Structures are given as structure tokens and as C-alpha cells.
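So the structure is just underneath, and the comments pick up after that.
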Amino acid sequence: MKPASRALLPTFVVMGAQKSGTTSLHKALAAHSDVFMSHPLKEPGFFMGPRGRHSVLGGTPSASLRNRALLRQSMLRGYSGERHFGESSTYYTMGGGAERWRIPQRMHRLNRNLRFIYVLRDPLGRIHSNYLHARRRGSVGPGFTEFLAHPEGKSAVLTSCYFRQLRSYLRFFPPERFHIVIMEELLEDPDAELQKALAHIGAPEDALPADFPALNVASNRKAERPKEEREVIPEPILQTLREDAQKLYQWLGRRIPAWRPI
């Protein structure tokens, strides 16, 4: 096993909101012979810095580690010289975290050649999934409307403003560094979407092992949805999401048929 270099830093990051398929994509990428994904921690929050990590990760052992120690103890266990080193994180596009913790600036300072894979899903469905997650944790009450007025609900809406999240990073990195994965398209054709992601980071298709695992994202289809989502979300929030989605479509150069109208 080759020792990890002192200068070794992630060459790409997988960003995406909770329940958008990032865990499945992380595992699939890790199976490639020339890709190493952060291990044992999938979401170390490397580019958040110690203060950001402590704010989000609380009292976990990795929260207070400096970057070099975090790499050594929580990200590079099992590394054996792979050319592509990635980490995954829902924190980089969660609420206002990117600007609060100056994440894009940290990324640019540490690796100006960084590449991004950003996983998105239907904004309305993602907000409701966030609500269900919060209910299971007991951090909010049973009402969806009340959740939207709660700080966690406001953060969920901001997280689903995908172009606003992306814009924070586009100030420091050119558009060609970003590859957008739509969760619903990942569900429909996981192999094709995986190949696009691998091509974006420069990992050759011929390095795929014969027993390359299929993406296990089918469970995302079962996410519970309210019967009348649009009716229970106040119009000002819908308008914010609508305007952001239009900016995203314009940037992508296409609409996303799998997403419901907002």
C-alpha cells in the first residue's frame, strides 16, 4: 500500500442534498479501480474547516481535527495510489452553509483544479423528504406548514434553491468543472449516468471491473409525498423555488421533464 502524500487533497467532490442518491453514487464511484472515495468517513466536511465542521458535526471525533489529521485519520484509510480522490457531502449545499463557512473560497485556495458532481432532485419532493427526516429525528412537529416556518424548514427551502447554491461556487470555478446529476435520471438509467460522472472526473471506462456494482438508488422512489404539496407550500416560497428553477434550466440549457411544475 502506498503511503498517502502530505500534499494529497480531494480532486473532486460529490455534492447533493439529503435523500438525493449521493450515498449510492459515492459507493459506485468507490468501486472504480482508479477512484478512491473518502474512507472511513463519507462526509468528513473537509472544505468546511474546523469551525464549520464543529458547527455541523458537533461532538464527533472528527469535528475538531485539523485538515491534515482529518485526511490521515478519517479520509485516506485504505488509499493505495488511485489518481482520483473524492469526498461526498450534503453540507456543501445545505442552507446558507457555503457562504457562512466560505466553503468555495476554501476549495479554491486548496485546489483550484477541483471538479464537482452535484446531485439534484425534484425540489418539492426534496423539501418534503427533509420534513420527514426532521420528523423522524423529532426536531419538528407533525405539521408540514409549521415545518416550513421552522428554521430547519427555511434551510430546506434554501437547500432546494439549487442555482443559488451553485452560484456560490461559480464565482470561483468555471462552469465546465461542474457535472449535474438529476436523481430521477439516475434512477432511470444508473449505468449511463455513472459513466457520465466518471468521464467528468477523468476516470476511464475501461478500468471498470466486470463485477461493477449496480447503483442502489431504488429506495428513493419510495419517499413519501404529501397529496397536495403545491397547495400546502405558501405562494412566496413557491415563487422563490420557481424563479430559482428557471435560472437553473437556463444555465443547464434544458428543462428537467422528471420534475413536477412548481
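Along the sequence shown, residues carry numbers from 1. Values in this document were obtained by computation on a predicted structure and should not be read as measured data.
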Side chains of Gln239 and Glu243: do they bring a donor and an acceptor to under 3.5 Å?
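A donor-acceptor contact under 3.5 Å links the two side chains.
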
Got [X] and [Y] here, is their nearest side-chain heavy-atom distance under 4.5 Å?
X: Val14; Y: Met37; value: yes
X: Phe46; Y: Ser89; value: no
X: Thr22; Y: Lys42; value: yes
X: Leu29; Y: Leu194; value: yes
X: His128; Y: His133; value: no
X: Phe12; Y: Val35; value: yes
X: Val13; Y: Ser88; value: no
X: Tyr118; Y: Phe178; value: no

Can you name the closest pair of heavy atoms from [X] and [Y] and give their distance?
X: Arg112; Y: Arg177; result: O-NH1, 2.5 Å
X: Tyr249; Y: Trp259; result: OH-CE3, 3.6 Å
X: Glu87; Y: Met75; result: CB-CE, 4.1 Å
X: Leu76; Y: Phe36; result: CA-CE2, 3.9 Å
X: Leu238; Y: Ile262; result: O-CG2, 3.5 Å
X: Phe163; Y: Asp244; result: N-OD2, 3.0 Å

Got a sec, which residues hit salt bridge (charged side-chain N to carboxylate O under 4.0 Å, His left out) with Glu43, two or more places apart in sequence or on another chain?
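Glu43 satisfies salt bridge (charged side-chain N to carboxylate O under 4.0 Å, His left out) with no other residue.
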
When rounded to the nearest 0.5 angstrom, what distance separates [atom1] in [X] from [atom2] in [Y]?
X: Asp34; Y: Ile201; atom1: CG; atom2: CD1; value: 8.5 Å
X: Tyr169; Y: Met107; atom1: OH; atom2: CE; value: 4.5 Å
X: Leu71; Y: Arg77; atom1: CG; atom2: CZ; value: 13.0 Å
X: Phe173; Y: Leu166; atom1: CZ; atom2: CG; value: 12.0 Å
X: His200; Y: Phe116; atom1: NE2; atom2: CZ; value: 8.5 Å

Check whether Leu25 and Leu41 end up in the same hydrophobic cluster, where Ile, Leu, Val, Met, Phe, Trp and Tyr are linked by side-chain heavy atoms less than 4.5 Å apart.
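Leu25 does not cluster with Leu41.
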
Answer yes if Val119 and Leu158 sit in the same cluster of Ile, Leu, Val, Met, Phe, Trp and Tyr residues linked by side chain heavy atoms under 4.5 Å apart, and no otherwise.
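No; Leu158 is not reachable from Val119 via cluster members.
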
Carefully, step by step, assess Leu148 and Val232 under the rule side chain to side chain contact (heavy atoms under 4.5 Å, CB included).
CA-CA 10 Å; Leu148 293 173; Val232 297; 5.8 Å; no

Test side chain to side chain contact (heavy atoms under 4.5 Å, CB included) on Asp191 and Gln195; report intermediate values, then the result.
CA-CA 6 Å; Asp191 290 339; Gln195 292 302 330; 5.6 Å; no

I'd like to check the side chain to side chain contact (heavy atoms under 4.5 Å, CB included) partners of Arg171; sequence neighbours left out, ordered by chain and number.
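Per chain and number, Arg171 pairs via side chain to side chain contact (heavy atoms under 4.5 Å, CB included) with Glu99, Arg167, Ser168.
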
Taking atom [atom1] of [X] as the centre, report whether more than 12 heavy atoms of other residues, nucleotides or ligands fall under 6.0 Å from it.
X: Arg102; atom1: CZ; answer: no
X: Arg115; atom1: CZ; answer: yes
X: His54; atom1: NE2; answer: no

[X] (side chain) donor-acceptor with [Y] (main chain) under 3.5 angstrom:
X: Arg106; Y: Trp101; value: yes
X: Thr90; Y: Gly16; value: no
X: Glu193; Y: Val181; value: no
X: Ser155; Y: Pro151; value: no
X: His32; Y: Pro204; value: yes

What do the steps show when you test Ser129 against Arg121 for side chain to side chain contact (heavy atoms under 4.5 Å, CB included), and what is the final call?
CA-CA 11 Å; Ser129 180; Arg121 67 175 290 187; 3.6 Å; yes

Might you work through the side chain to side chain contact (heavy atoms under 4.5 Å, CB included) test for Ile180 and Leu248, ending with a clear yes or no?
CA-CA 11 Å; Ile180 305 301; Leu248 176 67; 5.6 Å; no

In terms of ring plane angle, is the pair Phe147 and Phe144 parallel, tilted or perpendicular, where the classes change at 30° and 60°?
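Ring orientation of Phe147 relative to Phe144: parallel.
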
Name the orientation class of the two ring planes belonging to Phe172 and His108 (parallel below 30°, tilted from 30 to 60°, perpendicular beyond 60°).
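Phe172 and His108: tilted rings.
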
When you check the gap from the basic side-chain N to the acidic O, do Glu152 and Arg137 get nearer than 4.0 Å?
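Yes, Glu152 and Arg137 are salt-bridged.
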
Could you list the residues that satisfy side-chain hydrogen bond (donor to acceptor under 3.5 Å, both in side chains) with Arg66, not counting sequence neighbours?
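side-chain hydrogen bond (donor to acceptor under 3.5 Å, both in side chains) list for Arg66, sorted by chain: empty.
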
